[in-house]
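Report on the structure given below.
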Amino acid sequence: MPLSWNEIKSRAVKFSKDWESASEESAESQTFLNEFFEVFGINRRRVATFERPVKKIDGREGYIDLLWPGKILIEHKSKGKNLEKAKNQAIAYSFGLTEAELPKYILLCDFNKFRLFDLDENIQHEFLLKELVKHVSLFGFIAGYEKRIFKEEDPVNIEAAELMGKLHDKLKSINYKGHDLEVYLVRLVFCLFADDTNIFNKDIFEDYIKLQTKEDGSDLAAQIASLFFILNKPPEDRLKNLNESLSDFPYVNGKLFEEVLPQASFDKEMRNILLESSRLDWGKISPAVFGSLFQAVMNPEERRSLGAHYTSEKNILKVINSLFLDDLNKEFKDIKNNHKQLLNFHEKISHLKFLDPACGCGNFLVIAYRELRKLEIEILRILYDPDKPQFNIKDMVWVDIDQFYGIEIEEWPARISEVAMWLMDHQMNIKVSEEFGDYYVRLPLKKIANIVNKNALQIDWETIIAKDKLSYILGNPPFSGKQLQNEEQKKDIEKVLSGVKGSGILDYVTCWYIKAAKYIQDSRIKVAFVSTNSISQGEQVGALWNELFNNYKIKIHYAHRTFKWSNEARGNAAVHVIIIGFANYDISEKRLFEYLDIQGEPHEIKVKNVNPYLVEGKDFAVIIRKNPINNVPKMLKGSQPTDDGNFLMSEEEKIEFVKLEPQALKFIKPFVSAKEFLHYQKRWCFWLVDANPTEIKQCPHLIKRIENVREFRLKSQKAATVKWAQIPSRFTENRQPKSDYVLMPSHSSENRKYVPIGFFSKEFIVPNSCFSIPNATFYHFGILTSIMHNAWIKYTCGRIKSDYRYSNDIVYNNFPWPESTTDKQIKIVEEKAQNILDARKEFPNSSLADLYDPLTMPPSLVKAHQELDKAVDLCYRPQPFPNETKRIEFLFELYEKYTAGLFSKEKHKKSKQK
């Protein structure tokens, strides 16, 4: 019976190690080849001949270094010799062999390099001596294993996720579902991985399915059940007459196969899906695939309601590098030449503890564990000499998966994260084996990552791990915005955010910030979360960060400004995110990562402090205000029709309506929403404020529309809207200016350098998709359309994805206008503002969307804006602003100066009221 693959690998490691250290003088070809055959449990003398004489094609006699007739021909050369020449020599020798003697393989070797030719498949493999352990399966024919015909193996990628998704759907369709289905698939994923990574003997799982089950799949479920049972049995407890196809599987333990599951059922198609999955090279798996795998088989509606956004490995590294890895690498670099300090450092990293309180499939924990193990290998390289007899790598590897903790509300991803940690542990053990020459594997599994299947927002995290033992919290909590939260999530928010002022506007992700802030009080724990950029923009900033600053003394240590990520998982949409690292204590030097291109790479800036808008500045957040902080006209939100479209008409609809009912023309006004304003479109509305009821009654088609509005409002779930059914001829919210005004659209593309604004007469009805500033002057227009105000917009307004969502109570009312301006400065700004309107008029057929597109903006308009920007900058200070960062820092400082007095006035006012 052939040696087990584990034994062969152990021998391969020893063989490589022995011959790597052998001197060139002592290196002897026949000894090398004899020992090479012993790796596979074969006595070379019984099967192969040295110096086999043969007549070459030219009739001259030659000598084959080694020939195993019908199997392999080996030409062995001195170290560094030309192997191409040896190949030609071997081919020439083959012409002198009988048909029965012709080899299926030719192996060329020079003590350090192997080059194997598979003549049946016309495939060449080349690798170094130290890599032999990774390629021993190529020589299975020497050990006595039947030759396998391999197709080129694909790396495990989204194809694997999709295949497992298909299998999930098939099993679910036969009513195999819930907990049983989830555990079943996780076990299959483990087996597929184990089959390609030396946990199992190479491909025995695939062989087991292929050779031990019927093609129609009718007995596959029973055979898999037997396998799961065996994987949970130590060898000494197994039946003595167990079939070899099962006895070769190792004891896995780790509770992965402990639970007895109901037997599933397979058909031919399902069996083929499993076989197709097994042919992929799961040994090349990326831990990020587990996230994709999970996402691929989730119901799309479920995925959205859970707020699941899976992070790529690259973006996970953005979190962990700044959170702990950069510091550890720096410390290692500083002390690596001091043996005692390095020993202490090794012990330190073996005691670090990590928690992901929304761990999903465990991607963050898996990558963090991998990076910690890689650092440990660097330490071991320096600390220990593998050639010394006392060296035992099993005693030297201290970092283990039980240093990692996770909380996950859904059972299946919780189970996947456990398996993912085991698989990463095995990958790193293989790297240790390759690095230090000892075959190292942790089987049976004894330690597990501490993953609990619970709702992180409903439990005390100290029941998972005491905070005095924890080092870091990290992760990617669910993002669900207010409109997308389900009932359970609303209960979570109510529990966690109770007492937080303004919590009604906060996204679900903010619960993790508050929960973490409470947990880390009076500790040195560092936290880093990936989040939607909404928590660093708009109204959420004041509600969240004032709470974190004032009640929990949180300090931001580092942050990645908005960037975009997406991955290959099925149905995954692009998400605009930030990363914020924080703690309950301050540090002297913070880090900001800025993205010139949100899809590109960041550049790092060292700063003294990071504020919640993720720029350098003091810790503060602008709050919702009813009035501007400066003496400027008020900004009003536009009027809201709440009419189901009955008051509104396109240009064509207006023309047709007037033909039917010309007497209604007097009630029709131009209607300018953000869309019409930006895209140069015409729209109209019925405006019946102060209209004569008798005249309305003379318009039956208009009366029908009013009736439709009434019926629509009566069906509403909102009491206020139902009440407005009593006055169906009016907009539910009438804030139409009584004078000419400046219009500001509430939404605008982030691609525009300037948010377009414009002047309108009071005859133009402004809806709730825009804001109006009645009685605004050209000076006000000039300041608001300048780069100064647009910088403020960029940092303080909310977003829809990456587009701006303007507001009067956050953006406009908190905007710091110039502190003191002369009449001359005001006049210059007004002139430059008029120049912008004149430049627009040069292109009467172009929409503002086209005029302000960065790719098509006319030079004359660009120049007009640049001149205005200079004039506005001079209203703030005589020195120019070198960049946007300095501009926004100046505005934040000015805001603090203005509001300091307001805060004291408000406190005084409240005390008088009391």
Side-chain angles (χ1 to χ4, degrees), residues 13-14 17 20-21 130 317 319-355 365-405 421 424-442 446-447 449-450 465-474 520 522-528 557-558 581 583-591 606:
V13 169
K14 184 177 184 303
K17 179 180 171 183
E20 274 190 305
S21 59
K130 65 181 181 181
L317 287 170
V319 173
I320 67 175
N321 281 342
S322 300
L323 179 63
F324 68 89
L325 200 57
D326 289 346
D327 290 340
L328 291 180
N329 283 328
K330 183 180 184 303
E331 186 176 352
F332 169 68
K333 185 178 178 181
D334 292 342
I335 55 93
K336 67 180 181 179
N337 295 322
N338 185 310
H339 187 82
K340 183 178 179 181
Q341 288 184 332
L342 196 56
L343 278 170
N344 292 336
F345 180 66
H346 188 196
E347 185 174 6
K348 169 185 169 178
I349 70 168
S350 72
H351 289 101
L352 295 175
K353 305 287 185 183
F354 301 80
L355 170 66
L365 297 176
V366 167
I367 300 298
Y369 178 59
R370 182 193 70 190
E371 295 303 307
L372 206 60
R373 285 290 302 270
K374 285 165 71 174
L375 177 58
E376 183 179 45
I377 290 174
E378 293 291 325
I379 295 168
L380 294 177
R381 280 198 190 113
I382 298 173
L383 283 180
Y384 301 108
D385 182 356
D387 293 326
K388 291 184 178 178
Q390 73 271 21
F391 180 82
N392 185 345
I393 193 61
K394 293 179 182 178
D395 299 329
M396 301 300 112
V397 178
W398 295 348
V399 176
D400 212 332
I401 57 175
D402 61 348
Q403 296 172 232
F404 292 79
Y405 296 75
M421 289 295 285
M424 179 51 73
D425 181 58
H426 185 70
Q427 281 187 336
M428 298 314 298
N429 293 338
I430 290 173
K431 286 190 178 296
V432 168
S433 300
E434 294 170 357
E435 182 72 31
F436 297 102
D438 282 350
Y439 183 62
Y440 180 53
V441 61
R442 284 170 173 162
K446 294 180 180 178
K447 295 183 178 181
N450 305 280
I465 177 172
K467 70 179 182 181
D468 60 349
K469 290 183 169 58
L470 189 64
S471 312
Y472 303 100
I473 298 173
L474 70 166
I520 66 174
D522 303 316
S523 77
R524 303 294 289 181
I525 299 169
K526 292 183 178 181
V527 186
H557 287 191
Y558 80 93
N584 182 228
Y585 61 92
D586 202 2
I587 55 175
S588 58
E589 189 177 80
K590 281 89 168 178
R591 303 159 76 188
K606 299 279 195 304

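When all heavy atoms of Leu470 and Ile525 are compared, the pair lying nearest together is O-CG1, 3.4 Å. Minimum heavy-atom separation, Glu376 to Trp398: OE2-N, 2.7 Å. The two residues Gln403 and Ile349 have their closest heavy-atom pair at NE2-O, 3.0 Å. Arg373 approaches Asp425 most closely through the heavy-atom pair NH1-OD1, 3.0 Å. Nearest heavy-atom pair across Phe345 and Ile335 is CB-CD1, 3.7 Å. In terms of heavy atoms, Lys469 sits closest to Lys353 at O-CG, 3.0 Å.
Between Phe404 and Phe354, the ring planes are parallel. Angles under 30° get that label, and only those over 60° would be called perpendicular. In this structure, His557 and Tyr585 have perpendicular ring planes: the angle between them is above 60°, well past the 30° mark.
Within 6.0 Å of NZ in Lys130 there are 12 or fewer heavy atoms belonging to other residues, nucleotides or ligands. Within a 6.0 Å radius of NZ in Lys431, other residues, nucleotides and ligands contribute 12 heavy atoms or fewer.
With rounding to the nearest 0.5 Å, the separation of CG in Leu317 from CD in Glu371 is 5.5 Å. Here Asn337 contributes atom CG and Leu342 contributes atom CG; the two are 9.0 Å apart, rounded to the nearest 0.5 Å. Rounding to the nearest 0.5 angstrom, the gap separating the CG atom in Asp327 from the NZ atom in Lys330 is 8.5 Å. A distance of 9.5 Å separates OH in Tyr369 from CE in Met424, rounded to the nearest 0.5 Å.
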| When you look at Lys374 and Arg370, which way does the side-chain contact (heavy atoms from CB on, under 4.5 Å) test go after all the steps? | CA-CA 6 Å; Lys374 285 165 71 174; Arg370 182 193 70 190; 4.0 Å; yes

| Going through the checks in order, is the side-chain contact (heavy atoms from CB on, under 4.5 Å) test met by Met428 and Ile377? | CA-CA 9 Å; Met428 298 314 298; Ile377 290 174; 4.1 Å; yes

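Under the rule for a salt bridge (charged side-chain N to carboxylate O under 4.0 Å, His left out), the partners of Lys606 that lie at least two apart in sequence or sit in another chain are Glu604.
For the salt bridge (Lys or Arg N to Asp or Glu O under 4.0 Å) criterion with Asp326, the lone passing option out of Arg591, Lys526, Lys333 is Arg591.
Ion pairing between Glu20 and Lys17 fails under the 4.0 Å rule for side-chain N and carboxylate O.
Under the 3.5 Å distance criterion, the side-chain polar atoms of Asn450 are matched with a main-chain donor or acceptor of Asp402.
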